[in-house]
Protein chains: 2
Amino acid sequence: MRPYTQVLDRLRTAGLRPTRQRLALAKLLFENGDRHITAEQLHTEALGATIRVSLATVYNTLHQFTTAGLLREIVVDAGRSYFDTNTTAHHHFFYEDSGCLADIDDEALAITHMPIAPEGSVIKQVDVVVRLARA
Amino acid sequence: MRPYTQVLDRLRTAGLRPTRQRLALAKLLFENGDRHITAEQLHTEALGATIRVSLATVYNTLHQFTTAGLLREIVVDAGRSYFDTNTTAHHHFFYEDSGCLADIDDEALAITHMPIAPEGSVIKQVDVVVRLARA
DNA sequence: GACTAATTCTATACTAAGTCAAAAAGTGAA
DNA sequence: TTCACTTTTTGACTTAGTATAGAATTAGTC
């Protein structure tokens, strides 16, 4: 099995053209366990791994992957976007001091009453953020 | 009763020096029903009401009010902060098309099972955002 | 392999939201 | 009124993200 086979399949399945940059970024994102990462972090990581890619391309790629269902955007900080490789429905702890995110176990939190969407709108997603401070 | 009596009391109670700017912004914020507002919106509104105040002061004031417990910051958009005059525990609908926020009735949404805070941290707040798209 | 249409990337300028800091202005107590 | 302390102002600056023209790349056809 060649090194890029899995991410190649993944991009093709998602209907995305498998460019050099997309393949390399997909490898960083999807072959290192579940991750929560910002565009800046991913860009730095790519450069550190001698992947030549512009910051604009990192942003474009993250947004394309999100639109294609490979990533999910997480909004916990008014100053930047986080992207989550785990796209299943789940919620997050957010450590405000460090800017780190962690998944909350499914059984640890549940919403028992869902509100009805107001007239003329549909519910896209329900996000729960448990904000943490250092004890 | 003078026009600024209520907000004057409110600032004094909160331990904040009642400067001209703080009084005027407090009046806009707290005497128009529950509001969700960004710094830019408040600044525009203040200027429209011939309140001379700098944008830096609007930001400073919103942050001071939040720290003093008069406002609550709501993070639903990675590009800007919203401030909520209703500081009780409650959750929000966020209309992604328009950038508008609306409170969710208490009984309409319930969470069973609060997660335990991870080692070394405390839960500051639990935020639920129901993201809406146009139908 | 050559050609080519369409897509994507790059580099850099730009935007929007928010912050910084020195000087000026204002508050409140004595 | 004075004065110590706080707050505001102004305009420069920072940060995260976006725009865009030209270059580079992908992928299908022959």
Side-chain angles (χ1 to χ4, degrees), chain A residues 4 7-28 36-47 50-68 70-71 73-83 96 99 101, chain B residues 4 7-26 28 36-47 50-68 70-71 73-83 96 98-99 101:
Chain A
Y4 285 91
V7 290
L8 184 64
D9 285 344
R10 202 154 181 178
L11 292 191
R12 285 201 192 286
T13 303
L16 291 168
R17 184 181 289 206
T19 65
R20 172 180 71 79
Q21 294 83 353
R22 285 177 182 163
L23 287 170
L25 293 176
K27 211 168 185 331
L28 286 184
H36 306 102
I37 193 162
T38 65
E40 298 272 353
Q41 287 168 347
L42 184 60
H43 187 230
T44 299
E45 198 172 303
L47 295 189
T50 63
I51 297 160
R52 262 187 59 78
V53 62
S54 70
L55 181 58
T57 296
V58 172
Y59 276 107
N60 286 338
T61 305
L62 287 172
H63 288 308
Q64 290 151 3
F65 283 6
T66 300
T67 299
L70 301 178
L71 289 177
E73 186 180 2
I74 306 292
V75 181
V76 289
D77 176 341
R80 66 181 56 77
S81 291
Y82 290 77
F83 296 87
E96 295 195 327
L101 276 162
Chain B
Y4 285 91
V7 290
L8 185 64
D9 285 344
R10 204 153 178 175
L11 292 191
R12 286 200 193 288
T13 302
L16 291 169
R17 184 181 291 210
T19 64
R20 170 180 72 79
Q21 295 83 356
R22 285 177 181 162
L23 288 170
L25 293 177
L28 286 184
H36 305 102
I37 194 164
T38 65
E40 297 273 352
Q41 286 168 348
L42 185 59
H43 187 231
T44 299
E45 198 172 303
L47 296 188
T50 61
I51 296 160
R52 260 187 61 77
V53 62
S54 71
L55 181 56
T57 296
V58 173
Y59 276 107
N60 286 339
T61 304
L62 287 173
H63 288 307
Q64 290 150 5
F65 284 6
T66 300
T67 298
L70 300 179
L71 290 177
E73 185 181 4
I74 306 293
V75 181
V76 289
D77 177 339
R80 67 183 55 80
S81 290
Y82 289 76
F83 295 88
E96 295 196 329
S98 64
L101 276 162

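Note on naming: letters A, B, ... go to the chains in the order of the sequence lines (proteins, then strands), and numbering restarts at 1 for each one. These numbers come from the heavy atoms of this one structure, side chains and all, not from hydrogens, waters or symmetry mates.
Computed from coordinates, the E73(B) CD to dA17(C) P distance equals 15 Å when rounded to whole Å. One atom, CG of L16(B), and another, P of dT27(C), lie 14 Å apart when rounded to the nearest Å. Between L11(B) atom CG and dG28(C) atom P the separation is 10 Å, expressed in whole Å. Per the geometry, CD1 belonging to I74(B) stands 18 Å off P belonging to dA17(C), to the nearest Å. Here dA16(C) presents its P atom at 15 Å from CD of Q41(B), a figure rounded to the nearest Å. Put simply, CZ on R12(B) is 11 Å from P on dT27(C), counting in whole angstrom units. Going from atom CG of D77(A) over to atom P of dG18(C) covers 11 Å, rounded to whole Å. Per the geometry, CD1 belonging to I51(A) stands 15 Å off C1' belonging to dC9(C), to the nearest Å.
In plain terms, the two heavy atoms of A46(B) and L25(B) that are nearest each other are CB-CD2, 4.1 Å. When every heavy atom of E40(A) is checked against every heavy atom of Y59(A), the shortest pair comes out as OE2-OH, 4.1 Å. Closest non-hydrogen pair, A39(B) versus V58(B), comes out as O-CG1, 3.6 Å.
Using a distance-only test at 3.5 Å, with no hydrogens or angles considered, no donor-acceptor pair links the side chain of Y82(A) to the main chain of D77(A). Counting only distance, with no hydrogens or angles, the side chain of H43(B) and the backbone of T57(B) share no donor-acceptor pair below 3.5 Å. For R20(B) (side chain) and R52(B) (main-chain N/O), a donor-acceptor pair under 3.5 Å exists by modelled atom type.
The shortest distance between side-chain heavy atoms of L42(B) and T61(B) does not fall below 4.5 Å.
With rounding to the nearest 0.5 Å, the separation of CD1 in I37(B) from CD1 in I74(B) is 13.5 Å.
Between T19(B) and dT8(D) there is a side-chain polar atom (N or O) within less than 4.0 angstrom of OP1 or OP2. When the side-chain nitrogen and oxygen atoms of T57(A) are compared with OP1 and OP2 of dT10(C), one or more of them lie within a distance under 4.0 Å.
For the contact set between residues 20-28 of chain A and DNA chain C, defined by any heavy atom under 4.0 Å, the members are R20(A), Q21(A), R22(A).
In this structure, a donor-acceptor pair under 3.5 Å is present between the side chains of E73(B) and S81(B).
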Could you write nucleotides 11-21 of chain D as a row of B, S and -, 5' to 3', where a protein heavy atom under 4.0 Å of any base atom gives B, of only sugar-phosphate atoms gives S, and otherwise -? -----SBBB--

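No donor-acceptor contact under 3.5 Å links the side chain of R17(B) to the base of dT7(D).
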